[in-house]
Every structure is written in structure tokens, then in C-alpha cells.
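Here's the structure we're looking at; comments come further down.
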Amino acid sequence: MKSMRDFIQQAEGEGQLKRVKAEVDWNLELSHIAKLNEEKGGPALLFENVKGYKTPVITSVCTTTERLALIMGAPIKSSLVDLMKHWVKKGETLIPPKYVEKSQAPCKENIMKGDDIDLFKFPVPHYYPKDGGRYIGTAHFFITKDPDSDWINIGTYRAQLLGKDKIGTQFIKGKHADIMLKKYAALKKPMPVASIVGCDPLLFLCGAARISAFTSEYDFAGSVRGEPIEVVKGETVDLPIPATAEIVIEGYVDPNEYMEEGPFGEYTGYYSGVGTDKRNFEQVTCVTYRNNPILWGTTVGKAVTDTHMTMALTYGATLWQQLTDMKIPGIKAVYCPPEGAGRFLAIISMKQMYPGHADQVGTAAISTEMGAYGLKTVVVVDEDIDPWDIPRVLYAISFRFQPNRCQIINRGRSTPLDPSLPIDARDITGRIIIDATIPYEWKEKPIPIELDPDMVKRVQSRWKELGF
Ligand SMILES: Cc1cc2nc3c(=O)[nH]c(=O)nc-3n(C[C@H](O)[C@H](O)[C@H](O)COP(=O)(O)O)c2cc1C
Ligand SMILES: [Mn+2]
């Protein structure tokens, strides 16, 4: 799979995509269809007839594990955890992208520059009634370059359509584009950026993943694909652009200029307000796009839909990967439920090998780069419990957990999106580690009740006779 068009073809072949031919309004109607469809675990939707526009919009690409598997090139019946394992494995190698000639890059089929630039030419959806406007960048990402090194970052940060040549950004503090922007500010230079709307969906997954600083998401994506991602030079920015991208918005972000952005219906199911942090914007210098460009959007909003599945895979896999990198023995599986957007709650199963081992795993999880940001609740369970088997996790919390053994951490890095904190005090969060394992050091462990195996066989053989 190299492009959104490859995805559409494959998803259609698997019965995972539906074309919507009826006319649909970009203003709320399209997003509401997508959201209600996603709540039912429905197919990816290709809206071919958006009111007032000639070009299509695709949504709901990542809503089901089947489609996430297609995107990752994994067996279609994979579970979320299988996909996370696949992700962790692929992270062990990195394959840098490869430049192709502009003539070989479909993203250059059409070019708008100067006064011709007009982002209103694209069917940009308005998602929720209380949103601040239309959002061109939801299932998209910004490409940026570190001014001090060769590090190229791909990061998904929402983008609001603020004018025909301006898009609002929200680089949350400490995100890689924010770190880079601060370096450009120190150099008194604007930061060149390219926003990609529609492309090989794997690149969006990587943009949404918390891949470590100094590692390019492109190199990770190359590893998943087993070959380099094909890129092409920008027209006005010296950045690698995915050659098959649908819409490429080149420009720069001036670290000292701001516009009002938001609010937007976030994945927590709530708004996080306007004006809590100043927002930079991209001043557009060039737009390139394929013929009949496919604008890709995701509905975000209340769990569990498209974005939550994306985050459960990418955030959960990143946590697992970073715990693996710490080389702690005994970790069996990591699961970050989509209900917690893959980031607020982590459940880890492990084989205990020494006293304090479960505590080590719990504190390690909140100390990873991933877990140190926003993870609030860690549940550690023994190896006989699969962390995705929530009834069994609740069993462990009920019968193996002691509140006296939980650990409360008072301060840690938070996300400004967490609605459980007051809107003006969201920088710092508390955390809890719930050790729901049977303590390793106990000499006398609870005696499990077992059935007599011979009697089980006898009863089973008489099952019908007993009238069942
Ligand atoms: C649909 C979607 C929208 C997102 N919007 C934002 C956003 O507006 N700002 C932000 O900082 N992170 C946002 N994120 C989370 C980032 O994509 C994520 O933290 C990622 O790790 C950022 O890339 P980086 O690690 O290279 O900084 C969003 C994620 C998704 C899936
Ligand atoms: Mn990054």
C-alpha cells in the first residue's frame, strides 16, 4: 500500500468501504453521518458528492481493527493486541525514505501559488455545532525539520481553516513540532512546514503515534512497509513530502504570530476551551494536489470511534515498545483501552520474578516517554490475566488488589485536553498505580479453588443425561 487510493481499493475489496453517492453537506451533515456510522463500527465512507464541491471526502478509515490491519499490512483478522505486537516488532528496524523525481510524484499534478491559493476550493468539513469553524486537518499531519539536525518529524496536530491561505495549528507544549518551533524562535526564523491531507494511511498512524524524539516517523513507516516511503521535495519548503499525497499545504509558522483557533470537539468528548494557550498558524506559500484530490477527515469527538481506535493502537504500541526498550523482564502484554483513548489508562500483565517486580513495572510505565505524558492509571495484573480481558481485569482488581498497596503520584506531565482537571490548571496531573497482582513475596498465597479433573470428565460425559 502506497497511497490512500491503494487503501480504498483494498478496503473496497474486503467490504470495508462504502461510497456515499447521495449529496451531503460539508456543514455538519457529513461528520454526523460519519460519527453515527463509526458508532456502529461501520465501513470507511467515501463521500463522492459533497454539496458545492466536485471532489470527495473520506472518513472513518481507522475505525475497525480490520482496517487498521489492512493499513499495517497485517492479517485482516488481527486483534488490536496482535497489531500492537506487530508495531513493536517493526519498530526494531528503521528504513529512511527515498526521494523520487517530481515527474513521478502524483502530488504535483496541480499546483496553486501566490494569489491563486485558496483552501476553500476543498470540501472542508465542519464537524460539531460548537466547533470554532471548519477543520481541514484532522486525519492529517505536519512535516517539520529540526533546525539543529536532520531529524524530520511527522506529527498529527489539528488544523483549522482560518482563511484562504491560513490554517490554525495547535502544537501542544512539548510535542515535537512545538520543540522545533521554539528552536526556530531562538534563531528568529519562521519554521517551514507542510501539512498533508490524505496519503498512505500508515503515515497518519505514525503522525498520531508517540514515536520518540529524534526518530523520524518516516523511517518507522518504512520499516512497517518493508521498503522506503517515496518522498519528493516541496515547491517552496525543503521538506520531504509523500509522493502520493492527495493535498499538500506548504508554508511556514511564525513563532511570534498568533490567531484565534478552536474550539474543536476533542477525543475526550469535551471541548478544552479557547484562549487557554495562544495558537500559531501556518501561512500558506503553495498548495499541491492530485487530480480529484481525496480530502481525509476523522471525526474525533466522543469515544469510541475512529480516533480512539487510532490512538489505542499507536499509543498502546508505543508504551509497549518503550517498556520493551527498558528491558524489564517478564512483561507479557500491554493494553491501553480505546475507551481511554489509548493514553489515560494502561493495563499491563506480567510474570513476577522477584519482590518489587510489579512495582517496577508500574513505575516504569509512567516513566516512559509515552506514559510520562498524561497516563493517569496503571493497572498491573499477573500473567494469567490478559490485559484486554476487562472482566478478568476487574476480577483481579476485586480479589487481588489492596488499596493500601496502591501508589499515588502527586505530580506529572498532563495534557491540556484532560477534562478531569480544571480548565485553567491542566499542566500537572496525579497518577495511580494499581498493583492487582498477588504479591510475589507472600509465603502463603491464596489457595485457588480447583475442580477435580476426573469428576469434571465424568460430569461432562453425563451432561446430556443430566438434562442440559
Ligand atoms: C485526530 C488526532 C488529532 C490530534 N490533534 C492534536 C493537536 O491538535 N495537537 C497536538 O499537540 N496533538 C494532537 N494529537 C496527538 C498527536 O498527534 C500525538 O501526540 C503525536 O505524538 C504528535 O507527534 P510528535 O510525537 O511527533 O509530536 C492528535 C492526534 C490525533 C489522532
Ligand atoms: Mn515525533
Query - Evaluation steps, side-chain contact (heavy atoms from CB on, under 4.5 Å), between Met350 and Val380 - result: CA-CA 7 Å; Met350 64 173 298; Val380 185; 3.5 Å; yes

Requested in this report: Take His357 and Ile328, measure what side-chain contact (heavy atoms from CB on, under 4.5 Å) needs, and give me the verdict at the end.
Outcome: CA-CA 9 Å; His357 194 176; Ile328 303 164; 4.0 Å; yes

Anything under 3.5 Å between a donor and an acceptor, one on a side chain of residues 230-241, the other on a protein residue two or more places apart or in another chain? List them.
| from | atom 1 | to | atom 2 | distance (Å) |
| --- | --- | --- | --- | --- |
| Glu230 | OE2 | Lys2 | NZ | 3.4 |
| Glu235 | OE2 | Lys102 | NZ | 3.3 |
| Glu235 | OE2 | Lys108 | NZ | 2.8 |
| Thr236 | OG1 | Glu250 | OE1 | 2.6 |
| Thr236 | OG1 | Thr285 | OG1 | 2.7 |

Query raised in the report: If we ignore angles and hydrogens, is there a donor and acceptor under 3.5 Å between the side chains of Thr93 and Ser223?
Result: yes

Query - Test item: Lys113 and Cys286 side chains (from C-beta on) under 4.5 Å apart, heavy atoms - result: yes

**Report entry** From NZ (Lys90) to CE (Met72), nearest 0.5 Å
**Finding:** 8.5 Å

Report task. Please say whether the positively charged group of Lys376, taken as NZ for Lys or CZ for Arg, lies over the ring of Phe344, i.e. under 6.0 angstrom from the six-membered ring centre and within 45 degrees of the axis. Result -> yes

Report task. For Glu14 and Arg67, run salt bridge (charged side-chain N to carboxylate O under 4.0 Å, His left out): C-alpha distance rounded to whole Å, both residues' side-chain angles, the deciding distance at 0.1 Å, then the answer. Result -> CA-CA 9 Å; Glu14 296 285 351; Arg67 296 202 284 285; over 6 Å; no

Query - For Ser212 against Gln322, the heavy-atom pair lying closest together - result: OG-NE2, 3.5 Å

Report task. Verify whether one side chain among Tyr99 and Gln104 offers a donor that lies under 3.5 Å from an acceptor in the other. Result -> no

**Report entry** Check against salt bridge (charged side-chain N to carboxylate O under 4.0 Å, His left out), Arg19 and Glu12
**Finding:** CA-CA 9 Å; Arg19 289 172 192 266; Glu12 206 160 26; 2.7 Å; yes

Query raised in the report: Name the one of Phe171, Phe142, Trp151 that satisfies ring pair (Phe, Tyr, Trp, His ring centres under 6.0 Å) with His176?
Result: Trp151

**Report entry** More than 12 heavy atoms from other groups under 6.0 Å of CG on Asp115
**Finding:** no

Query raised in the report: Counting only heavy atoms not in Lys302, do more than 12 sit closer than 6.0 Å to its NZ atom?
Result: no

Query raised in the report: With a cut-off of 6.0 Å (strictly less than), are more than 12 heavy atoms of other residues, nucleotides or ligands near CG of Asp150?
Result: no

Report task. For atom CD of Glu260, decide whether the heavy atoms of other residues, nucleotides or ligands shown that lie under 6.0 angstrom number more than 12. Result -> no

Query - Lys18 NZ: over 12 foreign heavy atoms closer than 6.0 Å - result: no

Query raised in the report: Would you call Glu266-Arg158 a salt bridge at under 4.0 Å N-O?
Result: yes

Query raised in the report: Is the backbone of Tyr157 close enough, under 3.5 Å, to the side chain of His140 for a donor and an acceptor to pair up by distance?
Result: yes

Requested in this report: Establish, from distance only, whether the side-chain atoms of Tyr289 and Thr55 form a donor-acceptor pair under 3.5 Å.
Outcome: no

Query raised in the report: For Gln9, does the CD atom have more than 12 heavy-atom neighbours from other residues, nucleotides or ligands under 6.0 Å away?
Result: no

Requested in this report: Could you please spell out the steps behind the ring pair (Phe, Tyr, Trp, His ring centres under 6.0 Å) verdict for Tyr252 and Tyr184?
Outcome: CA-CA 11 Å; Tyr252 60 86; Tyr184 282 94; over 10 Å; no

Query - ring pair (Phe, Tyr, Trp, His ring centres under 6.0 Å) between Tyr127 and Tyr135, worked out - result: CA-CA 8 Å; Tyr127 287 89; Tyr135 272 79; 7.4 Å; no

Query raised in the report: If you measure only the distance, is there a donor-acceptor pair under 3.5 Å linking the side chains of Asp306 and Thr63?
Result: yes

Query - Residues Arg343, Tyr267; criterion side-chain contact (heavy atoms from CB on, under 4.5 Å); working and verdict - result: CA-CA 11 Å; Arg343 63 158 324 163; Tyr267 66 80; 3.0 Å; yes

Query - Side-chain donor-acceptor contact under 3.5 Å, Asp254 with Asn280 - result: no

Query raised in the report: What closest approach, in Å, do Pro338 and Val304 show between heavy atoms, and which atom pair accounts for it?
Result: CB-CG1, 3.8 Å

Query raised in the report: For Glu38, what residues pass the salt bridge (charged side-chain N to carboxylate O under 4.0 Å, His left out) criterion, not counting sequence neighbours?
Result: none

Query raised in the report: Is it true that atom CZ of Phe214 has more than 12 heavy atoms of other residues, nucleotides or ligands lying nearer than 6.0 Å?
Result: no

